[in-house]
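For reference, the structure is listed below as structure tokens.
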2 protein chains.
Amino acid sequence: MNAIAKISQQFAAHNYKLTPQRQAIVNLLLANENEHLSVEEVYMRIKGGYPHLGLATVYRTLELLCELHIVEKMNFGDGVARYDLRGDEHDHMHHHLICNSCGRLMEIKDDWLLELEQRVEREYGFKVTDHRLDFKGTFNTCSRKGCKASPKKQEISCGA
Amino acid sequence: MNAIAKISQQFAAHNYKLTPQRQAIVNLLLANENEHLSVEEVYMRIKGGYPHLGLATVYRTLELLCELHIVEKMNFGDGVARYDLRGDEHDHMHHHLICNSCGRLMEIKDDWLLELEQRVEREYGFKVTDHRLDFKGTFNTCSRKGCKASPKKQEISCGA
DNA sequence: ATATTAGTTTAGAATTATTATAAATTGAGT
DNA sequence: ACTCAATTTATAATAATTCTAAACTAATAT
């Protein structure tokens with residue numbers, strides 16, 4: 001079953017309608033799997049082919065997609081919330097590499113934390129249901145070429 | 001050397017003055033090491049004994065403390081930025097446990113990621129300078145007692 | 001077919017967090 | 001004390017997000 005069918009099913013299963021607006025938003029997310037779009041970006045990109053789209057609808061739809069665990073809301077420190085499609089498996093989470101010099105955001109589509117999650121449970125009596133792992137730093141290729149494309153303000157490193 | 005002396009030194013080293021306002025903010029943070037205070041919280045708590053304090057000053061001071069790597073700015077998904085004192089060692093980062101049922105935020109004062117950081121460098125050519133690791137889940141003690149104190153809205157889990 | 005209803009969308013207002021501005025104040029060095 | 005630059009304050013401005021009320025839509029019952 002392809003992604004859109006699966007999502008459509010999830011909507012139905014929770015008695016939500018897959019309206020054209022919602023459809024358009026889901027399609028856009030699927031077409032840009034590797035980007036982490038903000039509400040504004042989603043809004044702008046759809047607005048072109050679909051002028052009668054309300055910003056509030058985008059907010060509500062993304063929130064709904066969160067609720068259905070189709071996307072994940074994240075904040076990378078540039079002041080806006082960004083949304084990230086979840087893979088097929090809920091427990092198969094990915095990690096992020098955030099480049100200090102160019103702002104590039106790369107995903108590691110792998111879960112490296114199973115062991116640590118067991119340790120958390122053992123040592124802290126804490127049952128992990130989800131996690132987030134971001135690395136800040138620089139790509140070697142990036143620092144060599146001195147690519148200072150768009151070094152966005154980041155929270156963890158605090159600009160220095 | 002104690003914490004306040006060290007911080008004072010860092011201010012001096014960068015030609016910043018340790019004004020009474022800044023002093024007060026630093027003291028408050030030190031006195032609440034384990035909490036992750038927001039700007040508003042810092043502002044309110046100091047305002048009591050120090051009525052002539054501007055909110056903008058709190059923003060600016062916390063930003064400055066970030067720049068000096070004394071605190072770290074983080075966003076846990078409740079809509080406000082929170083600030084967290086860094087330990088003595090920059091590279092000795094801690095991790096977070098965030099409880100879904102009561103919203104409690106606990107720190108693991110340890111660095112479990114050295115190995116993974118090496119792996120990131122090896123496999124992705126990415127030199128890590130900082131990281132962030134949060135676990136979402138529930139404390140066993142918490143779920144047993146059903147403590148639903150104040151389940152704040154969180155981003156990663158998206159409310160469900 | 002038509003009326004009803006619940007869910008959805010829209011535009012715009014309201015709210016909230018944060019940043020910018022300009023005038024007043026402070027503090028270190030002379 | 002005087003000067004200059006850094007800092008602070010109060011306020012205004014901006015930006016992201018949420019709320020609201022009216023309009024719209026699709027499905028169902030009549």
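Letters A, B, ... mirror the listed sequences (proteins, then strands); counts begin at 1.
- The pair Glu35(A)-Arg45(A) counts as a salt bridge, with a side-chain nitrogen and a carboxylate oxygen less than 4.0 angstrom apart.
- Comment: Glu41(A) engages Arg82(A) in a salt bridge, judged by a side-chain N to carboxylate O separation of less than 4.0 angstrom.
- Remark: P of dT25(D) and CD of Gln23(A) are 17 Å apart, rounded to the nearest angstrom.
- Remark: C1' of dA15(D) and CD of Glu40(A) are 9 Å apart, rounded to the nearest angstrom.
- Regarding Leu62(B), its CG atom lies at a distance of 15 Å from the P atom of dT7(D), rounded to whole Å.
- In this model, no donor atom of one side chain and acceptor atom of the other lie less than 3.5 Å apart for Gln10(A) and His69(A).
- If you take CG of Asn75(A) and C1' of dA17(C), they are 12 Å apart, rounded to a whole angstrom.
- Side chains of Glu117(B) and His131(B): a donor-acceptor N/O pair is present below 3.5 angstrom, by distance only.
- Between dT18(C) and Tyr59(B), a contact under 4.0 Å exists linking OP1 or OP2 to a side-chain N or O.
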Listed pairs, N/O of protein and of nucleotides 3-11 of chain C, under 3.5 Å:
| residue | atom | partner | partner atom | Å |
| --- | --- | --- | --- | --- |
| dT8(C) | OP1 | Lys17(A) | N | 3.3 |
| dT8(C) | OP1 | Arg22(A) | NH1 | 2.9 |
| dT9(C) | OP1 | Thr19(A) | OG1 | 2.5 |
| dT9(C) | O3' | Gln21(A) | NE2 | 2.9 |
| dT10(C) | OP1 | His52(A) | O | 2.1 |
| dT10(C) | OP2 | Gly54(A) | N | 2.9 |
| dT10(C) | OP2 | Thr57(A) | OG1 | 2.4 |

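- In this structure, His36(B) and Phe76(B) have perpendicular ring planes: the angle between them is above 60°, well past the 30° mark.
- Using bins of under 30°, 30° to 60° and over 60° for the plane-to-plane angle, the ring pair Phe139(B)/Phe126(A) lands in the perpendicular bin.
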